[in-house]
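Everything below concerns the one structure shown next.
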Amino acid sequence: MSSKPIDARIFEREQHEHYVEQRWCTELLLAAEQFDGQIWDPACGYGTIPKVCKAAGFSVTATDIVDRGYGQGGQNFLAFSRKLVGPVDNIICNPPFDLAEEFIDQALRFARKKVAMLLPLTFLSSGGRYDDFMGGWPVSRIHFLSTRPSMPPGRFLDPETLRFCCNDPEPKISQANGEAKYRWRVGDKPAGGTKDFCWVVMTKGHEGPSQNNWLAEPGRLARSRALRRRPIMSEAA
């Protein structure tokens, strides 16, 4: 069973911004964007991105500032120095939202080929982003996710199954009969996000404007088209 749409902002802020993306976010990226060489996820969390990359045949390094049972914990990416840590071919990451700019700058110091960051769409529209995108960062492509991914706080999820490990702690209480209405229960699969996201891809040596691309799960796209299909009026009508 899938959960109802979840707005993670209603909950207390997750420590270190640990919000867990769904596997299909990375699967769509790898299907649309070519990566050559090793991949490093410096904010691996429960390992969603590294697991998808490994399944696709990539050699992957996974680290995180917190030991969450996957990869190497206790590794502060922003504190790494090129004197102590060598470069890597590519970095793919769902960065802490409040440190996204710092993660991008640091990733560009270490990646030899590409950097891909999963970011909320609102990240693109701030005033200071113009200089970053037009002159500071070699943004080659922006892949927009046509389906809003659910990214619940990690503390609510089972690290292995990525299903909810607890009932909704803040259910809505009906004023009519006092019945609790849960957005999810133990074992439900996260579904129905409320925020738009995109992959921002930076390619070392890229110059000029970026390309825009839209990513969609084939099954979801077919269903969406069917729902939106309207009968076409004939010219005679």
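Position 1 is the first residue of the sequence; numbering continues from there. Excluded from the calculations below are hydrogen atoms, water molecules and symmetry mates; all remaining heavy atoms, backbone and side chain alike, are included.
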The test is side-chain contact (heavy atoms from CB on, under 4.5 Å); show your working for Ile104 and Leu108 and say whether it passes. CA-CA 6 Å; Ile104 291 173; Leu108 288 171; 4.0 Å; yes

Verdict with supporting geometry, Lys113 and Asp36, salt bridge (Lys or Arg N to Asp or Glu O under 4.0 Å): CA-CA 8 Å; Lys113 298 179 179 180; Asp36 179 29; 3.0 Å; yes

Report the C-alpha separation of Trp199 and Thr26 in whole Å, then their side-chain angles, then the decisive distance to 0.1 Å, and conclude whether the side-chain contact (heavy atoms from CB on, under 4.5 Å) test is met. CA-CA 9 Å; Trp199 284 102; Thr26 308; 3.9 Å; yes

For the pair Ser150 and Gln22, evaluate side-chain contact (heavy atoms from CB on, under 4.5 Å) and give the outcome as yes or no after the intermediate values. CA-CA 7 Å; Ser150 179; Gln22 295 172 274; 3.7 Å; yes

Stepwise, does the side-chain contact (heavy atoms from CB on, under 4.5 Å) test hold for Trp40 with Phe77? CA-CA 11 Å; Trp40 177 18; Phe77 178 58; 3.6 Å; yes

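Asn90 places a side-chain N or O within 3.5 Å of a backbone atom of Gln38 that can act as its donor or acceptor partner. Asp41 contributes no side-chain N or O that, together with a main-chain N or O of Ala62, makes up a donor-acceptor pair within less than 3.5 Å. Side chain of Asp64 to main chain of Cys44: a donor-acceptor pair is present (N/O by atom type, distance under 3.5 Å, no hydrogens or angles). In terms of modelled atom types and a separation under 3.5 Å, the side chain of Glu21 and the main chain of Pro149 share no donor-acceptor contact. A donor-acceptor distance shorter than 3.5 angstrom exists from the side chain of Ser140 to the backbone of Val201, with no hydrogens or angles considered. Side chain of Ser146 to main chain of Leu215: a donor-acceptor pair is present (N/O by atom type, distance under 3.5 Å, no hydrogens or angles). Side chain of Asn94 to backbone of Tyr19: a donor-acceptor contact under 3.5 angstrom is found. Not one N or O on the side chain of Glu102 forms a donor-acceptor pair closer than 3.5 Å with the backbone of Leu78. With hydrogens and angles ignored, the 3.5 Å screen pairs a side-chain donor or acceptor of Lys114 with a backbone N or O of Gln34. A donor-acceptor contact shorter than 3.5 Å links the side chain of Tyr46 to the backbone of Gly154.
No side-chain heavy atom of Cys165 sits under 4.5 Å from any side-chain heavy atom of Val186. No side-chain heavy atom of Lys189 sits under 4.5 Å from any side-chain heavy atom of Phe164. When side chains are defined from C-beta on, Val200 counts as touching Val139, because their heavy atoms get closer than 4.5 Å. Between His143 and Leu29 there is a side-chain heavy-atom pair separated by less than 4.5 Å. No side-chain heavy atom of Lys195 sits less than 4.5 Å from a side-chain heavy atom of Met151.
Scanning both residues, Leu162 and Leu157, for their nearest heavy atoms gives O-CD2, 3.9 Å. The heavy-atom pair separating Cys25 from Leu145 by the smallest distance is SG-CD1, 4.0 Å. Residues Tyr70 and Gly45 approach most closely at CB-O, 4.0 Å, considering heavy atoms. When all heavy atoms of Phe110 and Ser81 are compared, the closest pair comes out as CZ-C, 3.9 Å. Between Leu118 and Pro95 the shortest heavy-atom distance is O-CD, 3.4 Å. The nearest pair of heavy atoms linking Asp89 to Gly37 is OD2-CA, 3.2 Å.
In this structure, the separation between CE on Met117 and SG on Cys198 is 12.5 Å, given to the nearest 0.5 Å. Atoms CD1 and CE, from Ile142 and Met202 in turn, are 9.0 Å apart once rounded to the nearest 0.5 Å.
The aromatic ring centroids of Phe156 and Trp184 lie less than 6.0 Å from each other.
Taking the side chain to side chain contact (heavy atoms under 4.5 Å, CB included) definition, one finds that Ala56 meets it with Leu30, Phe58, sequence neighbours left out. Residues satisfying the side chain to side chain donor-acceptor pair (under 3.5 Å) criterion with Asp105, sequence neighbours excluded, are Trp137. For the salt bridge (Lys or Arg N to Asp or Glu O under 4.0 Å) test, no residue two or more places apart in sequence or in another chain qualifies with Arg185.
A salt bridge does not link Glu170 to Arg183: none of the charged side-chain nitrogens sits closer than 4.0 Å to a carboxylate oxygen. Looking at Asp196 and Arg148, a side-chain N of the basic residue comes within less than 4.0 Å of a carboxylate O on the acidic one, giving a salt bridge.
Heavy-atom neighbours of Lys204 NZ from other residues, nucleotides or ligands within 6.0 Å: above the threshold of 12.
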